[in-house]
Amino acid sequence: MKEYKIVEVHDSENGNFIVETYTDSFAQVVSILGRYNDPFGSDIKSSTLLTKSGDGYIVVGTIE
């Protein structure tokens with residue numbers, strides 16, 4: 001079973017903040033990454049998908 005980490009950088013009035021989500025559900029990964037292209041507006045500046053490899057994570061891709 002794969003383990004994923006999603007790192008989202010959000011833009012707010014007080015500056016940027018980071019949201020990290022850990023999951024083993026690919027469906028949840030797709031749902032979270034889909035928020036980047038919200039047609040009603042999104043405060044997400046970038047989203048990075050990482051997958052577990054050994055004791056750490058490797059970057060699969062980034063949406064900017």
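Predicted model, so just to flag it, every value in this text is computed and none were measured.
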Only distances under 3.5 Å count here; give the side-chain donor-acceptor pairs of residues 14-29 to other protein atoms, sequence neighbours excluded, each with its distance to 0.1 Å.
| residue | atom | partner | partner atom | Å |
| --- | --- | --- | --- | --- |
| Glu20 | OE1 | Tyr22 | OH | 2.9 |
| Thr23 | OG1 | Ser25 | N | 3.0 |
| Thr23 | OG1 | Gln28 | OE1 | 2.6 |
| Ser25 | OG | Gln28 | N | 3.2 |

| request: Hey, could you give me the NZ/NE2 distance between Lys45 and His10, rounded to the nearest 0.5 Å? | output: 12.0 Å
| Val7 reachable from Val60 in the ILVMFWY side-chain graph, under 4.5 Å edges | no
| Once you round to the nearest 0.5 Å, how far does CG of Asp11 lie from CD1 of Ile44? | 11.0 Å
| message | Could you measure the distance from the CD1 atom of Ile63 to the CG atom of Leu33? Nearest 0.5 Å is fine. | response | 5.0 Å
| query | If you group Ile, Leu, Val, Met, Phe, Trp and Tyr by side-chain heavy-atom gaps below 4.5 Å, do Ile58 and Leu50 land in one group? | reply | no
| query | What distance separates Tyr4 OH from Ile32 CD1, expressed to the nearest 0.5 Å? | reply | 12.0 Å
| said: Assigning hydrophobic clusters by single linkage (Ile, Leu, Val, Met, Phe, Trp, Tyr; side-chain heavy-atom cutoff under 4.5 Å), is Tyr57 placed with Val9? | reply: yes
| In terms of hydrophobic clusters joined by side-chain contacts under 4.5 Å, are Ile6 and Val59 together? | no
| message | Rounded to the nearest 0.5 Å, what separates atom NZ in Lys5 from atom OG1 in Thr48? | response | 10.0 Å
